[in-house]
S.K.: 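Structure provided below as structure tokens; questions to follow.
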Amino acid sequence: MFTTNEIDMEKLKFSFYQRQDVVEIAKELLGKVLVTNLKGIVTSGRIVESEAYAGVIDKASHASGGRRTNRNQIMYGNGGFAYVYLCYGIHHLFNVVTNSKEIPHAILIRGLEPLEGIEKMLLRTNKKKLDNTLTRGPGNLSKALGISTKHTGTSLLGEKIFLADDGVRLSRNAIATSPRIGVDYAGKDALLPYRFYVKGNQFVSGKPR
DNA sequence: GAGTAGATCCTCT
DNA sequence: GAGGATCTACTCA
């Protein structure tokens, strides 16, 4: 399906995260590579699913209505940092903060196709063999990559966690759009088409299509 | 295969 | 003191 091309991997630049349109960035993140390098263990995966959270005007966002708390203050900082938080007491959800200071945009990474360090991911998740549950869904992928809430505030331009472009390009018709998942509480904002995924990829969460 | 309950704990009210 | 940007296992059919 995808071919790895590690030689041409290039970290996404600060300016990539600084742009205004969080929905556009969410779409562009599909096909990019998320890499973690923690305690000398390198694991990575290609992003196949993402969701945009459009700051203060978005009821589904933690920053909805300008809410500002200890937990989400990182969203009010500059783009290019990680926002990780705990959900349902069990799951660590990994977000990419975008835009500039005081504009709390973020993108939730929901699905990855494993690339490097698959055996390490299996160890972390207590799985025996690779299947599509390893990095499908936001809770699973952060566990597989070793990401937890203590990584909130980590720069995505550093060595520990970063996003890279290895030259893979997705054609426009390979990308599908849908409403976001698990945000029914957000009223009509739950219907916004802010979720993007690679059509037919087995690491996309939700019902297979 | 579909539907539901339980896990589990940090964060905000 | 309540509830959440979820996942899994279990039931029932």
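Throughout, protein chains are lettered first and strands after them, A, B, ... in sequence-line order, and every chain is numbered starting at 1.
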S.K.: When you check the side-chain N and O atoms of K127(A) and T133(A), is any donor under 3.5 Å from an acceptor?
M.R.: yes
S.K.: Could you run down nucleotides 4-10 of chain C 5' to 3' and tag each one B, S or - for protein heavy-atom contact under 4.0 Å?
M.R.: BBBSS--
S.K.: Can E113(A) and R136(A) be counted as an ion pair, charged N to O under 4.0 angstrom?
M.R.: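 Not counted as a salt bridge, because no side-chain N and carboxylate O are separated by less than 4.0 Å.
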S.K.: N70(A) CG to dT13(B) P: how many Å, rounded?
M.R.: 11 Å
S.K.: Reading 5' to 3' and counting Watson-Crick or G-U wobble pairs with both distances under 3.5 Å, write the dot-bracket notation for DNA chain C, | for bases paired outside the strand.
M.R.: ||||.|||||||.
S.K.: For a ring-ring contact (aromatic ring centres under 6.0 Å, His included) with Y85(A), tell me which candidate from H91(A), H62(A), H92(A) qualifies.
M.R.: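 Only one of H91(A), H62(A), H92(A) forms a ring-ring contact (aromatic ring centres under 6.0 Å, His included) with Y85(A), namely H62(A).
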S.K.: Decide, yes or no, whether a salt bridge links K11(A) with E159(A) under the criterion of side-chain N to carboxylate O below 4.0 Å.
M.R.: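 Answer for the salt bridge query: yes.
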S.K.: According to side-chain hydrogen bond (donor to acceptor under 3.5 Å, both in side chains), does anything in residues 187-196 of chain A pair up with another residue at least two apart or in another chain? List the pairs.
M.R.: E49(A)-R195(A), S178(A)-R195(A)
S.K.: Is the Lys NZ or Arg CZ of R180(A) less than 6.0 Å from the centre of Y53(A)'s six-membered ring, within 45° of the axis?
M.R.: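 Satisfied, under 6.0 Å and within 45°.
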S.K.: Looking at R67(A), I'd like to know whether one of its side-chain N or O atoms comes within less than 4.0 Å of OP1 or OP2 on dT13(B).
M.R.: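 True: R67(A) side-chain N/O within range (under 4.0 Å) of dT13(B) OP1/OP2.
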S.K.: Report yes if some heavy atom in the side chain of L34(A) is under 4.5 Å from a heavy atom in the side chain of L112(A); otherwise report no.
M.R.: yes
S.K.: Ion pair present between E102(A) and R68(A), side-chain N to carboxylate O less than 4.0 angstrom?
M.R.: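 A salt bridge links E102(A) with R68(A).
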